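As the structure lists them, so they are numbered: ligands from 1, and atoms in each ligand from 1. Every value quoted in this text rests on a predicted model; they were computed, and no experiment measured them.
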Amino acid sequence: MNIILLGYPGSGKGTLAKDLSKALDMVHVSTGDVLRDEMAKKTALGLEASSYMAGGRLVPDRLVMDMIKARLGAETRGLLFDGFPRTVAQAESLDDWFTSRSQDLDAVVFLNVAESVVMARLGSRRTCTGCGKIYNVISSAPAKEGVCDACGKPLMTREDDKTGVIAKRIQVYKDQTEPLLAYYRSSRNFLETDGGKAPEAVTKDVLSLLRVKP
Ligand code: AP5
Ligand code: MG
């Protein structure tokens with residue numbers, strides 16, 4: 001099964017993808033996580049991507065597509081895309097790539113969450129520097145402040161979770177990613193769910209939409 005998760009920054013794509021990839025034994029492909037990893041390692045791609053990401057802009061399509069093909073060319077398991085595609089050009093390239101591999105998309109899941117809710121969530125998100133577990137200081141805080149429950153490593157605030165950058169990311173989503181809703185709604189197995197519910201409820205709803213027993 002190949003699935004795309006779509007939604008605003010902060011709509012819960014990463015949180016859902018971690019649960020769903022475990023439940024369905026799929027490869028979680030977060031282009032944001034891969035790019036942050038490239039930045040941390042100071043690779044050529046990471047250095048080129050960093051100014052785009054720090055300002056809340058999209059990394060150019062060419063770089064993202066090359067990265068996807070290089071990372072996933074040999075992968076045979078189902079792919080769960082989180083934060084990709086993000087432009088119609090990326091969606092078209094993904095269609096071509098699937099065709100070249102005699103594969104297809106099985107579902108597109110849109111997490112519908114109000115803009116005011118995602119703004120609040122992003123301002124209070126913390127992420128583990130070790131295992132990548134996602135927290136929220138208001139709704140899902142760790143037992144010990146600033147420390148990951150799962151691996152004990154420190155938590156951090158993402159560079160692009162500053163107020164000004166959050167607003168820019170929301171605008172970029174509206175301008176460049178929202179057109180994907182029309183692109184997929186007309187042609188694919190397009191599923192929409194209420195991403196404003198609690199994380200466990202969102203996972204349960206999506207598994208049920210995919211007709212998989214939780
Ligand atoms: P990326 O890392 O993909 O960020 P994003 O799309 O902006 O989404 P986020 O990761 O901020 O939010 P999320 O939906 O994953 O929510 P989360 O689960 O963390 O991309 C970052 C940057 O990389 C981009 O700006 C761009 O520069 C670049 N980039 C990446 N991909 C690219 C591409 N394809 N093309 C070009 N450039 C690209 O949850 C958020 C918070 O809410 C957390 O605190 C969480 O605990 C909480 N939460 C989650 N679910 C719930 C819930 N159901 N109820 C209550 N709280 C919840
Ligand atoms: Mg994410």
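Considering backbone and side-chain N/O atoms, Lys13 comes within less than 3.5 Å of an N/O atom of ligand 1. Considering backbone and side-chain atoms alike, Lys197 places an N or O below 3.5 Å from some N or O of ligand 1. Remark: ligand 1 and Phe84 share no N or O pair separated by less than 3.5 Å (distance only, no angle test). Taking only nitrogen or oxygen atoms, main chain and side chain alike, Arg36 reaches within less than 3.5 Å of ligand 1. Inclusion of Ile134 in the set of residues having an N or O under 3.5 Å from an N or O of ligand 1 is not warranted. The shortest N or O to N or O distance between Gly83 and ligand 1 is below 3.5 Å. For a threshold of 3.5 Å applied to N or O pairs, the pair formed by Pro85 and ligand 1 contains no separation below that value. Here's the thing with Gly14: one of its N/O atoms is less than 3.5 angstrom from an N/O atom of ligand 1. For the pair Ser30 and ligand 1, the shortest N or O to N or O distance does not fall below 3.5 Å. For the pair Gln90 and ligand 1, the shortest N or O to N or O distance falls below 3.5 Å.
Under a 4.0 Å N-O distance rule, the pair Arg57/Asp175 does not qualify as a salt bridge. With respect to the salt-bridge test (charged N to carboxylate O, under 4.0 angstrom), the residues Arg62 and Asp66 do not qualify.
Protein heavy atom closest to atom 9 (P) of ligand 1, with residue, atom name and distance, is Arg125 NH1, 3.3 Å. Among protein heavy atoms, the minimum distance from atom 10 (O) of ligand 1 is reached at Arg158 NH1, 2.9 Å. Closest to atom 6 (O) of ligand 1 among all protein heavy atoms lies Arg86 NH2, 2.6 Å. Of the protein's heavy atoms, Gly10 N, 2.8 Å lies nearest to atom 12 (O) of ligand 1. The single protein non-hydrogen atom nearest to atom 37 (N) of ligand 1 is Val59 N, 3.0 Å, given as residue, atom name and distance.
Here the side chains of Leu6 and Tyr183 are not in contact, with every heavy-atom distance at 4.5 Å or above. Leu35 places none of its side-chain heavy atoms less than 4.5 Å from the side chain of Leu63. For the pair Met53 and Arg36, the minimum side-chain heavy-atom distance is below 4.5 Å. Thr193 is listed as a side-chain neighbour of Leu111, based on a closest heavy-atom distance under 4.5 Å. Here the side chains of Leu122 and Pro9 are in contact, with some heavy-atom distance below 4.5 Å.
Here Pro9 has heavy atoms under 4.0 Å from ligand 1 in both its backbone and its side chain. The part of Arg57 lying near ligand 1 is the backbone, judged by heavy-atom distances below 4.0 Å. Contact annotation: for Thr87 versus ligand 1, there are no heavy atoms closer than 4.0 Å. Contact annotation: for Ala198 versus ligand 1, heavy atoms closer than 4.0 Å belong to the backbone alone. Here Thr15 has heavy atoms under 4.0 Å from ligand 1 in both its backbone and its side chain. Looking at Ser139 against ligand 1, only its side chain comes within 4.0 Å, counting heavy atoms. Only the side chain of Leu122 comes within 4.0 Å of ligand 1, counting heavy atoms alone; its backbone N, CA, C and O stay farther away. Residue contacts with ligand 1, taken as heavy atom pairs separated by less than 4.0 Å, do not involve Tyr173 at all.
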task = Would you please test Asp194 and Asp205 for side-chain contact (heavy atoms from CB on, under 4.5 Å) and show each step?
result = CA-CA 8 Å; Asp194 177 2; Asp205 287 353; 5.5 Å; no
key: CA sep, side-chain torsions, deciding dist, call: Met65, Phe84, side-chain contact (heavy atoms from CB on, under 4.5 Å)   = CA-CA 10 Å; Met65 285 316 302; Phe84 172 86; 3.6 Å; yes
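Of the listed residues (Lys18, Lys133, Arg121), the one carrying the non-hydrogen atom nearest atom 54 (N) of ligand 1 is Arg121.
Atoms of ligand 1 lying under 4.0 Å from any heavy atom of Tyr8, numbered from 1 in the order shown and given with element: 14 (O). Atoms of ligand 1 found under 4.0 Å from any heavy atom of Gly195, numbered from 1 in the order shown, are 53 (N). Listed by atom number, the atoms of ligand 1 under 4.0 Å from Tyr135 heavy atoms are 43 (C), 44 (O), 46 (O). Atoms of ligand 1 lying under 4.0 Å from at least one heavy atom of Asp160, given by number and element, are 21 (C). Below 4.0 Å from some heavy atom of Arg169 lie the following atoms of ligand 1, by number and element: 4 (O), 5 (P), 7 (O), 9 (P), 11 (O). Taking every non-hydrogen atom of Leu35 and a distance limit under 4.0 Å, the qualifying atoms of ligand 1 come out as 28 (C), 29 (N), 30 (C), 38 (C).
Partners of Tyr173 under the ring-ring contact (aromatic ring centres under 6.0 Å, His included) rule, at least two apart in sequence or in another chain, are Tyr8.
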Listing, residues 143-152 side-chain donor-acceptor contacts under 3.5 Å, not counting sequence neighbours, or none:
| unit_1 | atom_1 | unit_2 | atom_2 | d |
| --- | --- | --- | --- | --- |
| Asp149 | OD1 | Ala143 | N | 2.9 |

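Within the structure, ligand 1 has Pro199 among the residues with a heavy atom less than 4.0 angstrom away.
Shown here for Ala17 and His28, the closest heavy-atom pair between the two residues is CB-NE2, 3.3 Å. What you find for Leu80 and Ser21 is that their closest heavy atoms are CD2-N, 3.8 Å.
Residue-environment remark: CD (Glu92) exceeds the threshold of 12 foreign heavy atoms within 6.0 Å. Within a 6.0 Å sphere centred on NZ of Lys22, other residues, nucleotides and ligands contribute 12 heavy atoms or fewer.
With hydrogens and angles ignored, the 3.5 Å screen pairs no side-chain donor or acceptor of Gln176 with any backbone N or O of Val172.
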